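Okay, structure first, notes after.
Remember, predicted model here, so these are calculated numbers, not experimental data.
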Amino acid sequence: MASTLLVVSVFLAFSSLVSGDKCIGPQVKSDVYTSKEGPMSTQAVFIVEFSLSCKNNLKNLPLYAELNGQVMPASRAISSDKYQVSWSGEHKSVSSGTYNVRIYDEEGYAALRKAQRSGGDTSAISPLYTVPIPYSGVWKGPLVQTEFVAVCAAVLVWYLAHSTRSRLQS
């Protein structure tokens, strides 16, 4: 009798540890940062910071982000409920447009990985939340460098001064 009670209690304890809770009614507030200047950086950088609150008051959920087939874990701040996902890419390979970062909980992440391994359609798996990132590309700098404009202005001033002096002397 005692061994049966022990087995049942161990089973219940183990099943409560294994079963992951699902966030019901997620409310997400997100902030997005993208790099804007090409000359000052070697890569385009994307940072998504978001906070998640669930109607069933779940905290400290392990979350994952997916962008263009690349899956990465979302880092959680220790002192708050904020998460962060970041990645970078070469300026030439990252085009302008809107990127959708899909956020998954453990259950969605498992389904996503299963679909990726089997070669299935990953767009059929619904994410917990999707964060759109508008990216206008990087500013590559002025068409004409300021040094060139300064040299041209100096040559023009010298030419005008020289021609005026030549006319006055003749």
Side-chain angles (χ1 to χ4, degrees), residues 3-141 143:
S3 64
T4 307
L5 184 60
L6 180 65
V7 169
V8 169
S9 63
V10 167
F11 177 74
L12 289 175
F14 182 72
S15 66
S16 68
L17 289 175
V18 171
S19 67
D21 291 327
K22 185 165 179 72
C23 180
I24 299 172
Q27 297 291 322
V28 178
K29 294 179 185 172
S30 61
D31 292 322
V32 175
Y33 168 79
T34 60
S35 57
K36 306 250 188 276
E37 291 190 15
M40 297 297 172
S41 62
T42 58
Q43 292 188 334
V45 176
F46 299 86
I47 299 174
V48 177
E49 184 177 80
F50 60 96
S51 61
L52 174 71
S53 61
C54 303
K55 287 184 180 177
N56 53 346
N57 293 325
L58 289 178
K59 303 285 183 192
N60 304 329
L61 289 173
L63 298 177
Y64 302 90
E66 184 263 332
L67 174 72
N68 297 335
Q70 182 183 5
V71 180
M72 61 204 85
S75 302
R76 187 179 55 84
I78 294 173
S79 61
S80 68
D81 289 337
K82 290 194 174 206
Y83 294 85
Q84 186 177 35
V85 178
S86 61
W87 70 97
S88 62
E90 294 291 327
H91 290 300
K92 293 178 183 177
S93 64
V94 178
S95 61
S96 61
T98 299
Y99 291 92
N100 290 317
V101 178
R102 300 173 2 157
I103 307 296
Y104 294 96
D105 57 1
E106 283 186 310
E107 183 179 313
Y109 173 68
L112 179 70
R113 295 298 292 165
K114 183 178 179 182
Q116 285 178 334
R117 281 192 302 269
S118 67
D121 185 20
T122 59
S123 63
I125 300 165
S126 62
L128 191 63
Y129 186 75
T130 300
V131 180
I133 300 175
Y135 181 63
S136 59
V138 293
W139 180 68
K140 301 210 183 336
L143 294 175

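- The two residues Tyr135 and Thr34 have their closest heavy-atom pair at CD1-CB, 3.7 Å.
- For the atom pair CD of Gln70 and CD of Gln116, the computed distance is 10.5 Å after rounding to the nearest 0.5 Å.
- Evaluation of the side chain to side chain donor-acceptor pair (under 3.5 Å) test over residues 124-134, restricted to residues two or more places apart or in two chains, returns none.
- The shortest side-chain heavy-atom distance between Ile103 and Val28 does not fall under the 4.5 Å cut-off.
- Here the NZ atom belonging to Lys82 is positioned 6.0 Å from the CG atom belonging to Asp31, to the nearest 0.5 angstrom.
- Nearest heavy-atom pair across Ala44 and Ser35 is CA-OG, 3.3 Å.
- The salt bridge (charged side-chain N to carboxylate O under 4.0 Å, His left out) pairs that include a residue from residues 61-73 are Glu66-Arg102, where partners are two or more places apart or lie in different chains.
- A search for side chain to side chain donor-acceptor pair (under 3.5 Å) contacts involving Lys55 returns nothing, not counting sequence neighbours.
- Minimum interatomic distance between Thr122 and Tyr104 (heavy atoms only, all atoms of both residues): O-OH, 4.3 Å.
- Using a 4.5 Å heavy-atom cutoff, the side chains of Ile24 and Cys54 are not in contact.
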> Hey, mind stepping through Ile133 and Thr98 against side chain to side chain contact (heavy atoms under 4.5 Å, CB included) and telling me if it holds?
Replying inline: CA-CA 5 Å; Ile133 300 175; Thr98 299; 5.9 Å; no
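- Contacts of Asn68 classified as side chain to side chain donor-acceptor pair (under 3.5 Å), with partners at least two apart in sequence or in another chain: none.
- Residues Leu67 and Phe46 fail the side-chain proximity criterion, which asks for heavy atoms closer than 4.5 Å.
- Closest of all the heavy-atom pairs between Gln43 and Ser88 is OE1-OG, 2.9 Å.
- Annotation: the span from Met72 atom CE to Leu63 atom CG amounts to 13.5 Å, rounded to 0.5 Å.
- Within the structure, ring-ring contact (aromatic ring centres under 6.0 Å, His included) contacts touching residues 51-85 (residues at least two apart or in different chains) are Phe50-Tyr83, Tyr64-Tyr109.
- Nearest heavy-atom pair, Ile125 versus Gly108, reported as atom, atom and distance to 0.1 Å: CG2-O, 4.1 Å.
- Legend: residues meeting side chain to side chain donor-acceptor pair (under 3.5 Å) with Ser30, ordered by chain and number and at least two apart, are absent.
- Here Leu128 contributes atom CG and Glu106 contributes atom CD; the two are 12.0 Å apart, rounded to the nearest 0.5 Å.
- Residue Cys23 comes nearest to Leu61 through the heavy atom pair CB-CD1, 3.9 Å, listed as atom of the first residue, atom of the second, then distance.
- The only option from Val94, Val48, Val32 that meets the side-chain contact (heavy atoms from CB on, under 4.5 Å) definition with Tyr99 turns out to be Val94.
- Remark: side-chain polar atoms of Ser51 are not paired, donor with acceptor, to backbone N or O of Asp81 under 3.5 angstrom.
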